[in-house]
S.K.: 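Handing you this structure, nothing more for now.
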Amino acid sequence: MFAQGRAVQEFIASIESAIIAATGLEPGSFSLESPRKAELGDFAFPCFLLAKRDKGNPAQIAGKLAEQLNASLEGIQATATGPYINFQIDRSDLARSLLGSIRSQGALYGNSEEGRGQTVVIDLSSPNIAKPMSVGHLRSTVIGAAIQRLHDALGYQTVGINHIGDWGSQFGKLVAAVDRWGGEVDLESDPIKALLELYVRYHNEEATDPSLQDAARAAFQELESGKEGHVRAVWRRLTELSMQEFQRTYERLHVHFDEIRGESFYEDHLGPIIERIVQSGVTEESEGALIVSLKEFGENVPPCLLRKSDGTTLYATRDLAAAFHRWELYHFARCLYVVGGDQRLHFQQLKYVLQRMGVEWEPKVEHIAFGMMRLPEGKMSTRKGQVVFLEDVLDRAVAEAAKIIAEKNPELANSAEVAEQVGVGAVIFNDLKRERVKDIEFVWSEVLSFEGDTGPYVQYTHARLLSILTKADAGAIDAAPDWSALADSAGLLLTLGQFPGVIRKAATHAEPSEVTQYLLGLAREINSWIAANRVLGQAPGVMAARLQLADAARIVLHKGLALLGVSAPESM
RNA sequence: GCGCCCGUAGCUCAGUUGGAUAGAGCAUCGGAUUUCUAAUCCGACGGUCCCAGGUUCGAAUCCUGGCGGGCGCACCA
């Protein structure tokens, strides 16, 4: 439907089919690589496999094959360099078709329809009621939201679900704490903080006061019984207070959810799901609890608990209920759980249970694990008060951005708005920068840095391009382009051409950092290009060619940032 | 004890399904602005790719065994 970066794809396809025709290699049995150095060419084909097949010398084979390919390829030069064949696309062809393709598609460049008709469910954010969002929750939220946008771009139907932690035995504790000390704190003006205080106090005192534990257990049992009484009323109020707070943060991060379903949503599903699992014949009673043994997957794999000996359910029960509910609702192509790596075992167990039940869609369920956010002094702990609150991080980043704007661009019109975009963008970008499995140590100076490999660096690059484009005379970009002005810019052009492939791979891998890394590399290339290539005030043909390149680069930066959930201010 | 994840420059990280001389940012040092935003650019410095075997024409990448760090291991989520 769209020419989705076809420019570069078409060049690659013609090289590949020429190689197939000349060698008899199976399509898909090889792929082109990037040469070690850009001067060597745009694409490379190593001849080691051919040499093995034909029992020949790779360098000789490369030499002969290059001659044959040159005879059949048009607009593409093949050169043998040792055991490699390097291909170079005609510079004018490259610029004309690629820039034309990007500029005609605009914000749709990189999109495709490959996911049409398929649904991807993404479980993301999932903060716990009555606890403040920490920088740890940021990870699930921004990684999950980026994964959802990547799938949107590929034409999938996506459903982002915020699986709020609004159920479980800790609510018994919370209700007990509110009942006992609720009058001593201010629940109205700063509810999360007040609730946190109660939560911490509960844990400090439960060891020495057994009546507290009894009260908590009784409260959760009442909550799970479905009784519309005092406990449920308190629980409901806590939920409402917390959700209002969360919503503020989500708005700043530009994250919205298609569904906000707490664990409590599955209250009515718990009985039936347990029944269903029992019917499938995989459960057993053990020490008064209902479990699914997972010994067949390994002697040391712990069983999955569905129901405690006191009759109440667990996390796993609710997640199983949610999984079945989602399948019945969406028949998803993928169901992604963007949840920290500390819960690997839990999701492994979940998948094992589904396997034992013989559920055919089990492989579509994926745990998208990410590394823990740690403080230099150790693991974050809400109970110990060792946390960095997300609001504080955003506020400090925005304040820092405002300070820099005041220094560098005091005349900026909407400076408060831009400071918000830059500060929040820096925080989001920083969190999406590394491979998601890696643990992150939270260091303020790193989060508040706006130079080098940072979000503001990419935003700045975008603003610079826009500045050049808006200063150009109207119509200058439409003059007959002199493509020779871009003869030395092939590297940048090829990078722009990679964008659709970057989106596709990042979505498949559920790895937003592939986009982040790509954007950093692209921004670096653009900044070097700007320093080396004057755009305005050149001969009309030169100017048109360079303006087109600047425009295409601007389009890709903007789109890439949008996929990550980072704003691209017009000036900063 | 067992299982899973991670280990690349002083620090933080990239490194395409195994391919050519392992690359960025930060930090340090030295340069660049009469001209499109210096939140920038150019250069220098900086490496036993944790260690030891193995597979391969070829290994940072795959396999095995160690070491170091993180996380987890039935009635929490």
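Since the model is a prediction, treat every value here as computed from it, not as a measurement. Labels below follow one simple rule: chain letters A, B, ... track the order of the sequence lines, proteins then strands, and each chain is numbered from 1.
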S.K.: What distance, rounded to whole Å, do you find between the two C1' atoms, one in G7(B) and one in C49(B)?
M.R.: 10 Å
S.K.: Is there a ring pair (Phe, Tyr, Trp, His ring centres under 6.0 Å) between F30(A) and F45(A)? Walk through the geometry before answering.
M.R.: CA-CA 9 Å; F30(A) 67 97; F45(A) 176 66; 5.3 Å; yes
S.K.: Has R318(A) got a side-chain N or O lying under 4.0 Å from the OP1 or OP2 atom of A77(B)?
M.R.: yes
S.K.: Pairs in or reaching into residues 162-175 of chain A: which pass salt bridge (Lys or Arg N to Asp or Glu O under 4.0 Å), with residues at least two apart or in two chains?
M.R.: none
S.K.: Of all the nucleotides listed (A24(B), C73(B), C75(B)), which has the minimum atom distance to the side chain of D453(A)?
M.R.: A24(B)
S.K.: Quick test of your reading: applying side-chain hydrogen bond (donor to acceptor under 3.5 Å, both in side chains), list the pairs with at least one residue in residues 436-449 of chain A, sequence neighbours left out, ordered by first then second residue.
M.R.: E435(A)-K438(A)
S.K.: Starting at the 5' end of nucleotides 54-71 of chain B, put B wherever the base has a protein heavy atom under 4.0 Å, S where only the sugar-phosphate does, and a dash everywhere else.
M.R.: ---B------------SS
S.K.: To the nearest Å, how far apart are E446(A) CD and C26(B) C1'?
M.R.: 9 Å
S.K.: Which of parallel (below 30°), tilted (30 to 60°) and perpendicular (above 60°) describes W167(A) and F220(A)?
M.R.: perpendicular
S.K.: Looking at residues 284-292 of chain A, who's got a heavy atom less than 4.0 Å off RNA chain B?
M.R.: S286(A), E287(A), A289(A), I291(A)
S.K.: Could you run down the sub-3.5 Å N/O contacts of the protein with nucleotides 37-41 of chain B?
M.R.:
residue	atom	partner	partner atom	Å
U37(B)	OP1	S467(A)	OG	2.0
U37(B)	OP2	S467(A)	OG	2.9
U37(B)	OP2	K471(A)	NZ	2.5
U37(B)	O2'	Y460(A)	OH	2.2
U37(B)	O2'	R464(A)	NE	3.3
U37(B)	N3	M572(A)	O	2.9
U37(B)	O4	M572(A)	N	2.9
A38(B)	OP2	R464(A)	NH2	2.8
A39(B)	OP2	K408(A)	NZ	2.4
U40(B)	OP1	G452(A)	N	3.2
U40(B)	O2'	R464(A)	NH1	2.8
C41(B)	OP1	Y457(A)	OH	2.6
C41(B)	O3'	S528(A)	OG	3.3

S.K.: Using atom P in both nucleotides, what's the gap between C42(B) and C50(B) to the nearest angstrom?
M.R.: 29 Å
S.K.: Pairing check on G53(B): which nucleotide meets the Watson-Crick or G-U wobble criteria with it, both distances under 3.5 Å?
M.R.: C63(B)
S.K.: I'd like to know if E263(A) and R318(A) make a salt bridge, using a cut-off of under 4.0 Å between side-chain N and carboxylate O.
M.R.: yes
S.K.: Could you tell me how the ring of H269(A) sits relative to the ring of F265(A): parallel (under 30°), tilted (30 to 60°) or perpendicular (over 60°)?
M.R.: tilted
S.K.: Think K433(A) has a side-chain N or O under 4.0 angstrom from the OP1 or OP2 of G25(B)?
M.R.: no
S.K.: Examine U12(B): is either OP1 or OP2 under 4.0 Å from a nitrogen or oxygen in the side chain of K438(A)? Give yes or no.
M.R.: no
S.K.: For S34(A), which contact category applies under a 4.0 Å heavy-atom criterion: base, sugar-phosphate, or nothing?
M.R.: base
S.K.: Quick test of your reading: applying side-chain hydrogen bond (donor to acceptor under 3.5 Å, both in side chains), list the pairs with at least one residue in residues 283-303 of chain A, sequence neighbours left out, ordered by first then second residue.
M.R.: E296(A)-R356(A)
S.K.: Check every strand shown and say whether L520(A) touches a base, only sugar-phosphate, or nothing at a heavy-atom separation below 4.0 Å.
M.R.: nothing
